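This one's a predicted model, so the numbers in the text were calculated from it and none came from an experiment. Reminder, nothing fancy here: chain letters follow the sequence lines and each chain counts from 1.
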Protein chains: 2
Amino acid sequence: MRLTTKGRYAVTAMLDLALHANHGPVSLADISKRQEISLSYLEQLFAKLRQNDLVASVRGPGGGYKLSREAETVFVAQIIDAVNESVDTTNCGGKGDCQNGEVCLTHYLWCDLSEQIHKFLSGISLASLVERSEVKRVAERQDAKQQSPVSENAGMITASNLV
Amino acid sequence: MRLTTKGRYAVTAMLDLALHANHGPVSLADISKRQEISLSYLEQLFAKLRQNDLVASVRGPGGGYKLSREAETVFVAQIIDAVNESVDTTNCGGKGDCQNGEVCLTHYLWCDLSEQIHKFLSGISLASLVERSEVKRVAERQDAKQQSPVSENAGMITASNLV
DNA sequence: ATATAACCGAGTATTTTACTAAGGTATTGT
DNA sequence: ACAATACCTTAGTAAAATACTCGGTTATAT
């Protein structure tokens, strides 16, 4: 199974996109600052997200990325699948040729686990994450931190409410 | 999350142990042959399994390893925990200091996932695996293969590699 | 025109994995 | 007794993957 920073970054970035969806396209530079992810790395991840039709891009000044679909219909499993190979935990890739062309002793166990994980992550939409109070709190903290060092810019993100 | 060959090997080896428990201690050389895992690598894994009191060793000729407890009370999660760090999917190790000492946007998601995986693997005992018909079939295949090529040689590993 | 920001490809330091090598040390059949 | 067996330990290492950087091109709003 491959669930590393890459997949985590992708989900984080997509969630950032969903959280700031109501202010037009979001630039990777903004995501980079808020989530502290390298800009170049984000570009590589978004290339894959775009290939999998999870995001759409708007070029030029004021451009950025936006979700291709409604946040209700984008699931965490899809995001991880897009940047990783899969959430498969077998080392044969589910093909069952783990031991000289035949299945190894624990093949079925890892198949079951993979299915379990995939089901779980397939049940979590971006929209459901956006609505979580813990997520909201973190997002507000990040937005506030991003604005504070710059006294008065043209940004119109407004702080909404602080806790 | 770290679920790689290491954890898979450990579970496979423990299952092999459980399957051959009724013939006295099982040597690592036997497991190495049956499961096609490097002997030295197995030794390293079993050092950790022993530290976590999952197996007990019997030294000297005819010696080997056996389970410390009944197969009904040994769970897959324990085995993976013993050789890996954990099945944690956060990159802060569950501490919540992922972003400058504070939680990152997706922290709670990975916590939930980790819990999910751990629960699943904590519910699967070695005994339950031994009883699975698919596992039995694979085990029989491996046992047959191990015996057949040894016609008359007292030698052990022979060529081991081909095709 | 120019700044902005998406796009693209190649390269690279670091880390992890999955081993190998080379020695031990302890136990036991003979 | 003693050699065979098998556990135990440490150190090292090739290959792969990760997590980036760097340098550039293309498109578009102003």
Side-chain angles (χ1 to χ4, degrees), chain A residues 1-10 12-13 17 20 23-33 35-52 54-66 68 80 83-86 88-89 91 93 98 153-155, chain B residues 1-13 17 24-33 35-52 54-66 68 80 83-86 89 91 98 154-157 160-161:
Chain A
M1 156 129 182
R2 235 181 264 155
L3 184 47
T4 62
T5 311
K6 197 195 288 185
R8 264 181 251 126
Y9 277 176
T12 302
L17 222 56
H20 299 87
H23 304 101
V26 181
S27 74
L28 293 189
D30 282 351
I31 300 179
S32 172
K33 273 179 249 168
Q35 308 305 332
E36 300 179 11
I37 304 171
S38 141
L39 178 59
S40 296
Y41 201 38
L42 275 177
E43 286 176 349
Q44 289 172 40
L45 297 180
F46 272 77
K48 294 192 177 185
L49 295 174
R50 204 174 60 97
Q51 283 162 25
N52 286 296
L54 291 173
V55 297
S57 66
V58 179
R59 302 183 76 149
Y65 285 94
K66 52 181 184 169
S68 291
I80 292 175
V83 296
N84 276 354
E85 307 268 331
S86 65
D88 187 28
T89 56
N91 74 338
C98 348
N153 57 0
Chain B
M1 157 129 182
R2 235 179 265 156
L3 183 47
T4 62
T5 311
K6 196 195 290 185
R8 265 181 251 127
Y9 277 175
V11 175
T12 301
L17 223 55
V26 181
S27 73
L28 293 188
D30 281 353
I31 300 178
S32 173
K33 274 179 250 170
Q35 307 305 332
E36 300 179 10
I37 304 171
S38 142
L39 177 59
S40 295
Y41 201 37
L42 275 177
E43 286 177 347
Q44 290 173 42
L45 297 179
F46 272 77
K48 294 192 176 184
L49 295 174
R50 202 177 62 96
Q51 282 162 27
N52 287 297
L54 291 174
V55 297
S57 65
V58 180
R59 304 184 78 148
Y65 283 95
K66 53 181 184 168
S68 292
I80 292 175
V83 296
N84 275 355
E85 305 270 329
S86 65
T89 55
N91 73 340
C98 350
M156 20 322 295
I157 311 175
S160 72
N161 56 350

Could you go over nucleotides 20-22 of chain D and give all protein N or O partners under 3.5 Å, atom names and distances?
unit_1, atom_1, unit_2, atom_2, d
D/dC20, OP2, A/Y9, OH, 3.1
D/dC20, N4, A/Q44, OE1, 3.0
D/dC20, N4, A/Q44, NE2, 3.0
D/dT21, OP2, A/S38, OG, 2.6
D/dT21, O4, A/Q44, NE2, 2.7

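Residue B/K6 has no polar side-chain atom (N or O) positioned under 4.0 Å from OP1 or OP2 of C/dA18. Taking only side-chain nitrogens and oxygens, A/T4 comes nearer than 4.0 Å to OP1 or OP2 of D/dA19. Neither OP1 nor OP2 of D/dA6 sits under 4.0 Å from any side-chain N or O of B/S57.
Between B/Y65 and B/S57, the closest side-chain pair of non-hydrogen atoms falls below 4.5 Å.
Among all heavy-atom pairs drawn from A/L28 and A/E43, the shortest one is CD1-CG, 3.7 Å. Closest of all the heavy-atom pairs between A/S32 and A/I37 is OG-O, 2.7 Å.
In terms of position on DNA chain C, the residue among A/G62 and A/R50 whose nearest nucleotide sits closer to the 5' end is A/G62.
Residues satisfying the side-chain contact (heavy atoms from CB on, under 4.5 Å) test with A/T5, not counting sequence neighbours, are A/R8, A/Y9.
Residue B/P61 has its side chain nearest to C/dT27 when only C/dT27, D/dA19, D/dA29 are considered.
The base of C/dT4 lies outside donor-acceptor range of the side chain of A/R59, with no N or O pair under 3.5 Å.
Atom CG in B/L49 sits about 13 Å away from atom P in D/dC7, given to the nearest Å.
Here B/Y65 lies in heavy-atom contact (under 4.0 Å) with sugar-phosphate atoms only.
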